[in-house]
Amino acid sequence: MKHNLHKTAAIIAFYAVFGCTSLCFAQQGISVGGFRDEPVSSAAVTKAADYAVKTQRSKDATLKLVSVLKAERQVVQGSNYRMCLAVLSKGAAQQVSATVYVNLKHIHTLSKWTAENCGGDAEETTDKGKEAGDEDDLVTYTGTLQTTKTDSAIVYLGEETGDLAAFCFKNDSAVGQAVLAKCKKGGQCEFTGTVDWAGGCKIEDERDLSASGRIISITSVKPVSAAADPKAAAGTISADDVE
């Protein structure tokens with residue numbers, strides 16, 4: 001008799017601890033197992049979207065998040081965030097379906113990234129990309145300076161992927177004068193500025209470029225290796241120095 005009472009008590013305790021899961025979530029208004037709409041402006045969605053783009057950027061150095069068009073949340077052992085993102089890749093607007101899993105320790109994992117028209121009119125995404133324009137186009141890259149008599153480029157090499165991206169400029173332009181005054185051919189040069197991704201580049205490296213663009217303005221530039229010109233190492237060029 002005592003054995004049966006102990007067994008019954010153990011079963012009741014088990015359900016009290018583990019059987020509450022669905023009921024407790026239901027009392028909090030949370031759907032277990034299914035996706036429900038989530039505000040695109042919520043901190044959790046913003047963090048998940050930023051993580052997805054940052055992770056995918058290892059495969060595409062030009063990738064930029066424009067906005068979150070739609071978001072849904074699924075409660076599991078943690079949460080799945082299923083999102084439709086408007087992004088820019090190599091200067092072109094596109095939509096992406098991305099899912100990020102966040103476990104109970106708040107560790108993020110990108111489980112899906114698929115280019116598809118998931119948020120409606122693709123032209124709307126393009127317009128949003130243009131509205132983001134000036135701020136989103138400001139980039140910072142470090143790469144090797146390659147020069148010719150008339151044109152030069154800062155060539156970025158992705159450490160993890162081995163992808164190449166080239167950023168070109170005319171030597172006699174304001175950008176060219178700014179870069180060449182601070183950095184030396186063959187040295188590592190870091191720049192912050194805006195890039196026209198539609199502008200193509202031709203460089204000495206025979207490997208294919210994953211992306212290229214023309215630097216149209218510079219806010220700062222500096223050498224970042226011993227190979228750079230020692231005379232230029234004293235400081236960086238600021239926006240006030242560039243016409």
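All figures in this text were calculated on a predicted structure; none of them were measured in a lab.
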Colleague: What's the spacing between S212 OG and Y156 OH if we round to 0.5 Å?
Modeller: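 So the gap between those two atoms works out to 15.0 Å.
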Colleague: Any chance the side chains of N80 and T99 put a donor and an acceptor closer than 3.5 Å?
Modeller: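 There is no such pair between these side chains.
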Colleague: Do T147 and L180 come within less than 4.5 Å of each other through their side chains, counting heavy atoms only?
Modeller: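 Touching, per the 4.5 Å side-chain cut-off.
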Colleague: Answer with yes or no whether the side chains of T140 and T192 bring together a donor and an acceptor at under 3.5 Å.
Modeller: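 Present: a donor and an acceptor within the cut-off.
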Colleague: Within this structure, what is the SG-CD1 distance for the pair C168 and I216, rounded to the nearest 0.5 Å?
Modeller: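 C168 SG to I216 CD1: 13.0 Å, rounded to 0.5 Å.
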Colleague: With a 4.5 Å heavy-atom cut-off, do K54 and L63 have their side chains touching?
Modeller: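 Side chain of K54 against side chain of L63, heavy atoms only: no contact under 4.5 Å found.
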Colleague: Under 4.5 Å between side-chain heavy atoms, hopping through other hydrophobics if needed: is there a path connecting Y51 to V87?
Modeller: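 Hydrophobic grouping puts Y51 with V87.
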Colleague: Does the side chain of M83 come within less than 4.5 Å of V45's, by heavy atoms?
Modeller: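 Yes. Closest side-chain heavy atoms under 4.5 Å.
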Colleague: If you look at every heavy atom in L85 and A49, which pair is closest and at what distance?
Modeller: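 Reported closest heavy-atom pair: CD2-CB, 3.9 Å.
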Colleague: From T144 OG1 over to K185 NZ, what is the distance, rounded to the nearest 0.5 angstrom?
Modeller: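 One finds 12.0 Å between OG1 of T144 and NZ of K185.
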Colleague: Considering non-hydrogen atoms only, spot the tightest contact between A52 and A98 and give its length.
Modeller: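 Closest pair (atom of A52, atom of A98, distance): CB-CB, 4.3 Å.
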Colleague: Of all heavy-atom pairs between V175 and I215, which one has the smallest distance, and what is that distance?
Modeller: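 Shortest heavy-atom separation between V175 and I215 comes out as CG1-CG2, 3.7 Å.
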Colleague: If hydrophobic clusters are built from ILVMFWY residues whose side chains come within less than 4.5 Å, do V53 and V40 share one?
Modeller: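 In one cluster with V53: V40, yes.
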Colleague: Hydrophobic clusters here meaning ILVMFWY residues chained together by side-chain heavy-atom distances under 4.5 Å, can you tell me if W113 and V102 are in one?
Modeller: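 Both belong to a single hydrophobic cluster.
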Colleague: Donor-acceptor pair, distance only, cut-off 3.5 Å: does the side chain of E72 make one with the backbone of D37?
Modeller: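 Checking the backbone N and O of D37 against the side chain of E72, no donor-acceptor pair under 3.5 Å is found.
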Colleague: Distance only, no hydrogens: is a donor on one side chain within 3.5 Å (strictly under) of an acceptor on the other, for S152 and N171?
Modeller: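 Judged by distance alone, the side chains do pair up.
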Colleague: Does any donor atom in the side chain of T114 or S97 lie under 3.5 Å from an acceptor atom in the other side chain?
Modeller: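 Looking only at side-chain atoms, S97 and T114 do not form any donor-acceptor pair under 3.5 Å.
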Colleague: Within a strict 4.5 Å, meaning less than it, do heavy atoms of the V224 and K222 side chains meet?
Modeller: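 A side-chain contact under 4.5 Å exists here.
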Colleague: With ring centroids as reference points, do F191 and F167 lie under 6.0 angstrom apart?
Modeller: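 Ring centres of F167 and F191 closer than 6.0 Å.
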Colleague: Could you tell me the separation between the SG atom of C84 and the CD atom of E116, rounded to the nearest 0.5 Å?
Modeller: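 Interatomic distance, C84 SG to E116 CD, rounded to 0.5 Å: 7.5 Å.
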Colleague: Between atom CZ of R82 and atom NZ of K70, what is the distance when rounded to the nearest 0.5 Å?
Modeller: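 With rounding to 0.5 Å, CZ (R82) is 9.0 Å from NZ (K70).
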Colleague: Looking at every heavy atom in both V179 and C189, which two are closest together, and how far apart are they?
Modeller: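 Heavy-atom minimum between the residues: CG1-SG, 4.2 Å.
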Colleague: Are K170 and D151 close enough, and set up right, to give a salt bridge (Lys or Arg N to Asp or Glu O under 4.0 Å), and what steps lead you there?
Modeller: CA-CA 5 Å; K170 291 283 187 182; D151 296 86; 3.3 Å; yes
Colleague: Work out which heavy atom in A44 is nearest to a heavy atom in Y81; give both atom names and the distance.
Modeller: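 Nearest pair, atom of A44 first, then Y81: CB-OH, 3.4 Å.
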Colleague: To the nearest 0.5 Å, how far apart are CD in Q95 and SG in C118?
Modeller: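 Here the interatomic distance stands at 5.0 Å.
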Colleague: A side-chain contact here means heavy atoms from C-beta on lying under 4.5 Å apart; do L65 and L88 qualify?
Modeller: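 With C-beta onward as the side chain, the pair stays apart.
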Colleague: Using every non-hydrogen atom in the two residues, find where L110 and V100 come nearest and quote the distance to one decimal.
Modeller: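 Result for this residue pair: CD1-CG2, 4.0 Å.
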